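Below is one structure; the comments refer to it alone.
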Amino acid sequence: MTPQHRAPDDQDEPALLRDQFRQLLRYRSLLATGVIIGLLGGGYLALGGEDTYTATGEVLVRSAISDPFAAGATADKGINIGSERQTAVSDTVGTLAAGTLLKAGDDVTARKLLAGLQVTNPPNTLTLRFSYTGDTPEQSRARAEALAGAYLAHRKARTEESIENMAGGYRAQLKPLEEKRDLLEEQAGAAAAEDVTSARANIIVSISELSRKISELKALDTTPGYLNKKPVAPTAPTGPGLPLLLGLGGVVGLALGLLLSWVRLVFDPAVRSTRELVHSLGAPLLGTLPRERAAGGLLAIGRGGSRLAEEYRAVAFRLAYDPSFAESRRLLVTSPRGDNAAAAAAAANLAAAFAEMGRDVLLVEADLRTPSLADDLGSAAHEVRPPRWAAEESDGTWPTGGRSNVDVPGSGAFALIPGITADNVPRALTSPPVGRIVAEADRPGGVVIVLAPPVLSYADAVALVDRVEGVMIVCDPREVQRSDLERIREIIGASGGSVLGALLHPARGRLRRAERRAKTSRRRSTGDGGGGTPSAGADAPELTGDPAETLGLRSVNLPAARR
């Protein structure tokens, strides 16, 4: 059977066009701004401009002819309609029309008069169409008629002048012939020689021919043309109306909005599509969380009819059958930068989903700067006795200080090691108890999920990569930048881990983000993150944005006896 080859998505032009169009629709404010500008411009042109009126007259051009009723006689003989059109808009015609209008009380210059004139020629005709645009209906009618009449008068005068010039030339030729004829008549009277008689006859024939030509010129019909359509006063202003201008303005405004959106798209550093996200991160897209308006706490697993819970289950199943995750059963959940609430919700719900599969799940909150997972879980978490080794090594500090059990209605339960504020976060994250806790994933059916702070804000997540190799990035596609994803891929790869995929969450409103920032600021100021010591000690690192600030402290992962 011949295999069927399918073009890759990167070369699928219809898919690329659809994707780019969807990206342009992200900037709805720019599109709306362009449409509003177009509508305002159309309305201004329709209402703000002065009304103008156009009157039109048509002139049929004809040449001078001796007998218009003779067979084969044509009125277009010797007419160049293009030249006649240029003559109609000449200064001579404008001056004649201005003189005619002045007698009627309309004082206008020839240049201003010609500025409102437009002369066109319908195809395959000898017709000139005079269209004049004026301020009033009567003005446009009178000026269009004056210009058409001036053209006809100028053409008639030019034809008569040509006839007079030709007749004058014939008369100039006739005068010497008549003088010579008279001289020959005198000689013929003295002696009737045969040669004299012949010369006299020839001269008489020439005189007769010239006289005939002069007579034909005088008999020509010099009518220059006919005013077939007399200009009348228009009843409505010229130009498109308000609906048409608004429609054109809307179309032009939409085109302007698309152009602005395209320029914004070109210079936008944010991830423009899931295709770019996968390419920049170098990992697949695990899922996209739907937006749920009615929130019933941090855990979506356990709520009936929740689309969010089903998406978390789908992501958990996908991870469970991922070869990289199935080999170690360790997952580090973090976000690029900023708020870590979405990553915390994803870690808790994935832990609940794995517990629902019958796995022995341990969720470790490694956010020792602003710990909040235990508070967000609320009454679902209750403290239990830690393992024997943790009880023996417990000195009240993280991670041996306490352990909770989180009940998921109808799904089971998972263990939680809540985070507490620490004086030296890097040393706590790289301590031997952390390694022993992460090693619980090696037990049959065990799964360890570690929640870490944003990877580009602190280096805490990077310090845990050597123990938890698989990393899942939880981000908002509208806020994360391509350069951030590329940097995350390089940092995690250089630390010995691998990015298993990305989980996209819907954008949150500004008000909710402001409330979370205020809540985080209060936690940082009070240091109350779960019963530990305040985080304002001298050794507490600040937010520098450099993920390398704790990488040099991995050497503290030594046996307790040597420490």
Side-chain angles (χ1 to χ4, degrees), residues 295-303 309 312 316 329-334 340-422 425 428-429 431 433-441 443 445-453 460 464 467-468 519-520 523 526-533 535:
L298 186 66
L299 287 177
I301 304 292
R303 293 203 301 261
Y312 279 125
R329 299 191 300 278
R330 299 177 178 89
L331 180 65
L332 180 67
V333 181
T334 184
N340 207 38
N349 282 278
L350 287 178
F354 280 116
E356 196 175 42
M357 298 179 193
R359 303 293 182 89
D360 187 7
V361 184
L362 174 61
L363 175 59
V364 181
E365 183 183 14
D367 188 354
L368 307 184
R369 303 176 188 274
T370 57
S372 60
L373 191 55
D375 294 339
D376 293 339
L377 289 173
S379 60
H382 51 88
E383 190 171 353
V384 296
R385 181 181 302 176
R388 183 189 307 174
W389 68 267
E392 293 175 355
E393 297 181 6
S394 177
D395 55 358
T397 61
W398 187 88
T400 60
R403 183 175 295 208
S404 300
N405 197 53
V406 180
D407 295 325
V408 183
S411 301
F414 63 89
L416 168 67
I417 298 180
I420 59 176
T421 55
V425 175
L429 293 176
S431 62
V434 174
R436 297 190 61 177
I437 288 175
V438 173
E440 294 186 19
R443 295 182 302 174
V447 173
V448 174
I449 300 177
V450 180
L451 173 64
D460 300 353
L464 294 167
R467 294 179 174 86
V468 187
K519 183 178 179 181
T520 302
R523 288 199 189 104
T526 59
D528 186 10
T533 57
S535 61

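Bear in mind that the values here come from a model prediction, so they are computed numbers and not experimental data. Atoms considered below: every heavy atom in the structure, side chains included; atoms not considered: hydrogens, waters and symmetry mates.
- The two residues Pro453 and Asn340 come nearest to each other via the heavy atoms CA-ND2, 3.8 Å.
- If you take CG on Asp367 and OG1 on Thr421, they are separated by 10.5 Å, rounding to the nearest 0.5 Å.
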Quiz prompt | Working for side-chain contact (heavy atoms from CB on, under 4.5 Å), residues Leu464 and Val438 | solution = CA-CA 10 Å; Leu464 294 167; Val438 173; 6.0 Å; no
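- By the 4.5 Å heavy-atom criterion applied to side chains, Val434 and Leu429 are not counted as neighbours.
- Contact of the Val364 side chain with the Val468 side chain is not registered, since no non-hydrogen atoms from C-beta on lie closer than 4.5 Å.
- A distance-only check finds no donor-acceptor pair linking the side chain of Arg359 to the backbone of Phe354 [under 3.5 Å].
- The closest donor-acceptor contact from the side chain of Asp460 to the backbone of Ala452 lies at 3.5 Å or more, if one exists at all.
- Judged purely by atom type and a 3.5 angstrom limit, Glu365 uses its side chain to pair as donor or acceptor with the backbone of Gly419.
- Contact of the Glu356 side chain with the Val408 side chain is not registered, since no non-hydrogen atoms from C-beta on lie closer than 4.5 Å.
- Residue Leu373 comes nearest to Leu451 through the heavy atom pair CD2-CD2, 4.3 Å, listed as atom of the first residue, atom of the second, then distance.
- Atom CG in Leu362 sits 9.0 Å away from atom CD1 in Ile449 (nearest 0.5 Å).
- When all heavy atoms of Leu350 and Tyr312 are compared, the closest pair comes out as CD2-O, 3.7 Å.
- Judged purely by atom type and a 3.5 angstrom limit, Asn349 uses its side chain to pair as donor or acceptor with the backbone of Leu298.
- For the atom pair Ile437 CD1 and Ile417 CD1, the distance stands at 3.5 Å (nearest 0.5 Å).
- In this structure, Arg443 and Arg329 approach most closely via the heavy-atom pair O-NH2, 2.9 Å.
- Counting all heavy atoms, side chain and backbone alike, Ala348 lies closest to Leu363 at CA-CD2, 3.9 Å.
- With sequence neighbours left out, Arg330 forms a side-chain hydrogen bond (donor to acceptor under 3.5 Å, both in side chains) with Asp442.
- Heavy atoms only, all atoms of each residue included: Ala413 and Asn405 are closest at CB-ND2, 3.8 Å.
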